[in-house]
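We use all heavy atoms of the structure for the numbers below, so side chains are in, but hydrogens, waters and symmetry mates are not. Lettering of chains follows the sequences in order, A, B, ..., and the numbering in each one begins at 1.
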Amino acid sequence: MSRFWKTDPSAWLVLVCSGVIVGFILLPLLQMAAEPSIATMVETAKDKDVVRAIALSLWTAAVSAAIALVLGTPFAYLLSRRAFPGKKLLESVVDLPIMIPHPVIGIALLGIAGRNHWVGQILSELGIRLMGTAAGIVAVMTFVGLPFYVNTVKTGFDAVPIRIENVSRSLGASAGATFFRVTFPLAWRSMVVGMIMCMARAISEFGAIVIIAYHPMVAPVMIYERFTAYGLKYSQPVAVWLIAVCLALFLLLRLFSMKKGPAA
Amino acid sequence: MIRIEALAVRFRGFALEDITIQVAPGEFFCLIGPTGAGKTVVLESTAGLVAADSGSIRIAGRDVTHLPPERRRIGIVYQDSALFPHLTVGQNIRFGLRYHPDGHRFHAARLPFLLEQLALEDLVDRSVTHLSGGEKQRVALARALAPRPGLLLMDEPFSSLDTGLRVRLGTEIRDILKKLGITALLVTHDQAEAFAMADEIGVMRDGQLEQWDTAYNLYHRPASRFVAEFVGEGCFVPGETNEDGTVQIELGRLETTEPMQLARAASVEVLLRPDDVVHDDDSPQTATVLRKAFRGASILYTLGLPSGRRVLALVPSHHDHRVGERIGIRLEADHVVVFPS
């Protein structure tokens, strides 16, 4: 390593660029985390509205990750295992929610949720309203989180050689038994990582949620409201709590899904 | 008994046509051919991994053409062994037993025998990730054999191993399969491997079976020019067929014991194997050594004839000649292989 720095002048360019990027990401975050005093943090934690907003963010994101797990796993498997005409197109469709501006997503979803659209009619038959409800928040979060789940799990399935599944089939295991005895044990970590990615994306969503459901208030909407109404000082502690809770949760999940013993 | 009849598969721009193979129980048969000839497609459609468009496949008397892989009672051994990395050696080997009604009886009676035959007894509780290449292939074989398949399919099972181990493991596995009476199909691009292991060999080319025969016949009685060139070594030299059924070439007259399908007095191409040309100091016929390849017990000489054509000669290695030297040669061919030129 040290040799690399000595022999290659361009190494300094690499070093400087890397430093700028890491600093650019960490500096604002650390600054924000350092700003509020311990007393303010404790006080914010006692604020019922703050607790309710963070809890809402967490459980709606968890529900959207669960939906992604149920719907996204078979779809990711299909994308990983089968070649069919139009596959590239389908993969681009999956990536669309990443490209579309967030408020546009909110407006688009409202467009099919209304009474003059058949989807809206079915939803109202079922007694589900999206406008201003937790169901609406979950719908938005699932929309923006699905691409992360599907792509992560597809990569996970890609890493399981199809020959291993073929061998399992030849030994007498049906397609379903093969999935649960071979593919799942080898790919479940990618599902956990996919759910973490999906949840993280869901919790961070603001633009689409604010259009579909200003109330009930998820944490990002509350942070925005407090910022516009009271200013920076008042919004920072909520933001720090949101980040802290999310980091703790994701670290826990990561630890849980880590390989036991030395990596094979 | 394995019977593949008029099998046709169209698959990712590749067409397999009219493959018919019949193999007696307990036989070991091979498919060889250049890359892209369709060997693996035959194996995969036999396994049920690729659907057949027409034709039928029977394994151990059952028509399995439309059955999914799990109901065909087959075993597969791949080049990369494809072991289940999350299971131990023992768990890998026992994987298929639960799907067979008599699985547990075998577990008691047959598994120790398999483990002993394949020298796996001490590895049962080990993780499969740290095994050597040879050990992995033995585990893969034990796993495939444990549920007693009607047919064992092997796709280039030894090509990731080094030469010495490949030959040893090949012989070992052939012995075990013969002992157990398992019918097996080996797909390989290595003809030496096929020659050493198979009872019968099919040569494939462009999705078709060119010839189905014993190793001896593929070598000495190739049915087509493709088989003649693909199997073994040799050179083609021009010749003329005579009225009396002999063939005249530059090196002399070849007598055929087998009737030829060619018109008399026609121009032909004659296949000369390296063992058809023998070194003989007393022979008036001479050739120049152009190249030599030492093979231990013998030397393969590439010889230039006065006409400029080349032939190969396999000579015991104590006859060590220099490149550029002229040596006496003589024809000694039991089988004359000719194709219309």
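- Proximity of B:Pro147 to A:Leu171: side-chain heavy atoms (C-beta onward) are separated by under 4.5 Å at one or more points.
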Residue pair B:Asp155, A:Arg163: steps toward the side-chain contact (heavy atoms from CB on, under 4.5 Å) verdict: CA-CA 11 Å; B:Asp155 193 356; A:Arg163 293 177 160 202; 4.3 Å; yes

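- Here the side chains of B:Arg143 and A:Val167 are in contact, with some heavy-atom distance below 4.5 Å.
- Neither the backbone nor the side chain of B:Leu87 comes within less than 4.5 Å of any heavy atom of chain A.
- The parts of A:Ile164 that come within reach of chain B are both its backbone and its side chain, each placing non-hydrogen atoms under 4.5 angstrom from that chain.
- Counting non-hydrogen atoms of neighbouring residues, nucleotides and ligands closer than 6.0 angstrom, the CZ atom of B:Phe14 exceeds 12 such neighbours.
- Proximity to chain A (any heavy atom under 4.5 Å) is restricted, for B:Leu49, to the side chain, taken from C-beta onward.
- Rounding to the nearest 0.5 Å gives a distance of 8.0 Å between CZ of A:Arg181 and NE2 of B:His86.
- Residue A:Arg169 comes nearest to B:Pro69 through the heavy atom pair NH2-CD, 3.4 Å, listed as atom of the first residue, atom of the second, then distance.
- Shown here is B:His66, whose NE2 atom has no more than 12 heavy atoms of other residues, nucleotides or ligands within 6.0 Å.
- Open room surrounds CZ on A:Phe24; 12 or fewer heavy atoms of other groups in view lie less than 6.0 Å from it.
- To the nearest 0.5 Å, the span separating OG on A:Ser170 from OH on B:Tyr99 amounts to 11.5 Å.
- Contacts between A:Ala175 and chain B at a heavy-atom distance below 4.5 Å involve the backbone alone (N, CA, C, O).
- Both the backbone and the side chain of A:Ser168 come within contact range of chain B, with heavy atoms under 4.5 Å apart.
- Contact annotation for B:Ala140: neither backbone nor side-chain heavy atoms come within less than 4.5 Å of a heavy atom of chain A.
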